Every structure is written in C-alpha cells, then in structure tokens.
K.L.:
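Okay, handing you the structure first.
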Amino acid sequence: MTAETNALGLFLRDRRMRLDPAVFGFSGRRRTPGLRREEVAQRANISPTWYTWLEQGRGGAPSSDVLNRIARGLMLTEPEREHVFMLALGRPPEVRYHSAEGISPRLQRLIDTLDGSPALVRTAAWDVVAWNRAATFVMTDYGKLAPGDRNILRLLFVKRDIRNIQHDWQTMARFIVGSFRADVARAGATSEITELVDELCRTSPEFEALWRENEVVGPSEGTKRLRHPVLGDIELEYSGFAVDGRPDLNLVVYNPVDPAVAARVRAMVAESAAAPL
C-alpha cells in the first residue's frame, strides 16, 4: 500500500501520533508518541481491528457514523473532519448547523468599506446579523430593530411599510421563499427554522401558500427594485457570497445600477459618519 493509495490511513496515523496520552487518562511507557491504535478505537467506540485496518488501508470504505466517531476520538477540527470524509468517501460530511452569534471584526470592516453599496450578512434562517451604513439608508435601519425582528422574511411578509417599497412584491416573495428553503437545507438547519415557519404561516397567508408550493431556488445574482422614500425608484444589482468556513452565513452585496444613486448613497454615508454622536 503506497502513500498515494492510503492517504486516509496516513492522515489518521499522523493525527493519532500528535495527541498526548496523558490528556486522555492513558498511561504507560511508549515506544512512539501519541495514542495507541486501540486507545483511539476505545475513544471512538469501534473495534481495534477495524481501526487498525483503516490505518493500513484495508477493510473497505467506513460509514459516516464511524468516521464521525473517529473524528471525535482524535479531536479533529471541522476542516480536518471534512478532509477525512473526502479521503474516505470522496464527499464532505453532512453539514452541522451552528446558529450565528455574529461575524468577525474583519468581515465587518470589509463590508464597511462598501460605502456606496448596501451589504448585509444573514444566517440560513435569514436573520440579519451584520450590515453596513449604506444598508441602513437604502434597505432598513436594522440597528433600530430588536434582534428577533431582524429577520428578512418577517420584515417582508409582516411589515406593511417594507412590503410597500418593493416593486413586483409577489414575484420577489416567491423567489425569496424558494431561496430560503434552499439555504436552510444547504446549512442543515431544517429543524431550527420550524418555529419561524410556523409563525409566518400563522401571520401571513401569502407566506403559507408559497411555503406549501415547495419551490426551491438555487443561488443566483439578480436585480432588486425599490421605491425608496428619499432616493426615489432605484434598481440594485445583487450578488450573494458564502462566508468561508461558515455554512450558516451568507454575504449579500447590492450595487446601485445608476452611478448617480451610488454617489448619493456615498454622500449619505459620509454625512452620517461626520455627524456628532
């Protein structure tokens, strides 16, 4: 068995030998560093023979359950766990959804540089967790809303003032519900959005009807038209971007089609930044 054909076994052995036995309560003199194979098997609750075969490149492909148990036994990071799945099965593991507490300061600084383009970061449940000043002026002042009210679906289907500024609300609503359904499945958050869906079905007959259609819309770029109370009728191009390492987050950037509108947005942002607190 060569290194090229036993990449999984070599990776597992390398990670096993990096672990300190004393941390896990194992003692005794050792000829080599790290945990013994039978100790990893004990921590993963699998047969020592089966684990030995995996390191030796024998026994066929393991199940997802076995790989997850080995990942826990070896204290693998999330990128390492994904790497093990790719080596063993040729695919990433099922997504583990983690609700977002916020974003990194670096990402916030990035979207703050987009002074002429509204930008926001939303979760798979479409809760807005970060935004820039341009989004405050063009979209909604999310800072004035309670955290639980910063949900895009709640705003669009329940808040009449938000609905009224949308062009062709019905088409947009259908697209958003289909995109929402796809995002939830992609992030593995189906069970986490049950309460939100039930609430929207009770409060919005339109959402309930669209939800029952089971439409799914894939990631895409497009345009959004608004009847803005200050800027007038405006058109925005938008693109969505995955946040690396965070399947629960999505960055959406809106770029005004008309350069004059973008200039006015930048002026509003600059004026706001210069205003005394």
Side-chain angles (χ1 to χ4, degrees), residues 103 107-183 200 203-204 206-207 210 215 217-243 249-275 277:
I103 67 170
L107 182 54
Q108 182 66 61
R109 289 193 294 270
L110 171 65
I111 64 176
D112 284 342
T113 65
L114 305 174
D115 54 356
S117 300
L120 56 87
V121 179
R122 56 173 171 77
T123 69
W126 286 48
D127 291 316
V128 176
V129 294
W131 58 93
N132 62 5
R133 286 180 180 264
T136 296
F137 292 115
V138 177
M139 316 298 288
T140 300
D141 190 348
Y142 298 102
K144 292 183 177 180
L145 301 175
D149 293 333
R150 296 172 190 160
N151 181 274
I152 294 174
L153 282 92
R154 284 194 180 103
L155 292 171
L156 289 173
F157 282 94
V158 179
K159 299 293 186 181
R160 181 62 58 176
D161 56 335
I162 300 296
R163 173 172 176 161
N164 288 341
I165 67 172
Q166 313 295 323
H167 275 274
D168 194 3
W169 183 90
Q170 188 64 39
T171 299
M172 181 213 59
R174 184 180 301 279
F175 172 81
I176 281 180
V177 172
S179 298
F180 170 69
R181 186 186 296 276
D183 282 353
L200 290 170
T203 56
S204 172
E206 290 138 319
F207 175 86
L210 291 172
E215 293 290 338
V217 179
S220 66
E221 300 176 328
T223 58
K224 181 181 183 68
R225 298 177 62 205
L226 296 175
R227 302 184 184 94
H228 195 272
V230 175
L231 300 171
D233 284 359
I234 61 173
E235 187 173 6
L236 307 160
E237 296 176 331
Y238 65 83
S239 297
F241 305 90
V243 177
L249 295 181
N250 188 264
L251 167 64
V252 185
V253 179
Y254 298 85
N255 187 44
V257 173
D258 186 345
V261 173
R264 292 188 64 187
V265 172
R266 282 192 291 270
M268 295 166 72
V269 170
E271 182 180 353
S272 171
L277 297 177

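Quick caveat, the model's predicted, so the values are computed rather than measured.
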K.L.:
Heavy-atom distance under 4.5 Å between the side chains of Val252 and Arg122, does that happen here?
P.N.:
yes
K.L.:
Roughly how far apart are Lys224 NZ and Glu237 CD, rounded to 0.5 Å?
P.N.:
14.5 Å
K.L.:
Over all heavy atoms of both residues, which pair between Met268 and Leu231 is shortest? Give the atoms and the distance, please.
P.N.:
SD-CD2, 4.0 Å
K.L.:
Give the table of side-chain donor-acceptor pairs shorter than 3.5 Å for residues 254-262, with sequence neighbours excluded, one pair per line with atom names and distance.
P.N.:
from	atom 1	to	atom 2	distance (Å)
Asn255	OD1	Ser117	OG	3.2
Asp258	OD1	Ala260	N	2.9

K.L.:
Would Leu236 and Met139 count as a side-chain contact (heavy atoms from CB on, under 4.5 Å) here? Give the steps.
P.N.:
CA-CA 11 Å; Leu236 307 160; Met139 316 298 288; 4.3 Å; yes
K.L.:
Could you state the interatomic distance from CD (Glu235) to NE2 (His167), rounded to the nearest 0.5 Å?
P.N.:
9.0 Å
K.L.:
Any sub-3.5 Å donor-acceptor pair from Asn132's side-chain atoms to Leu114's backbone N or O?
P.N.:
yes
K.L.:
Mind checking whether Glu206 and Trp169 have side chains closer than 4.5 Å, heavy atoms only?
P.N.:
yes
K.L.:
Between Ser204 and Leu200, is there a donor-acceptor pair closer than 3.5 Å when you use the side chain of the first and the backbone of the second?
P.N.:
no
K.L.:
Give a yes or no on whether Arg163 atom CZ has more than 12 heavy-atom contacts from other residues, nucleotides or ligands under 6.0 Å away.
P.N.:
yes
K.L.:
If the test is side-chain contact (heavy atoms from CB on, under 4.5 Å), which one of Asp149, Leu145, Val128, Asp161 qualifies with Leu155?
P.N.:
Leu145
K.L.:
For residues Ala242 and Asn250, report the shortest heavy-atom separation together with the two atoms involved.
P.N.:
N-ND2, 4.1 Å
K.L.:
Considering only heavy atoms from C-beta outward, does the side chain of Leu251 approach that of Ile103 to under 4.5 Å?
P.N.:
no
K.L.:
For Gln108, give me all partners under side-chain hydrogen bond (donor to acceptor under 3.5 Å, both in side chains), at least two apart in sequence or on another chain.
P.N.:
Asp112
K.L.:
For Val230 and Arg264, what are the C-alpha separation, side-chain angles and deciding distance, and is it a side-chain contact (heavy atoms from CB on, under 4.5 Å)?
P.N.:
CA-CA 10 Å; Val230 175; Arg264 292 188 64 187; 4.0 Å; yes
K.L.:
Answer yes or no: is there a donor N or O on one side and an acceptor on the other, between the side chain of Arg154 and the main chain of Gly148, under 3.5 Å?
P.N.:
yes
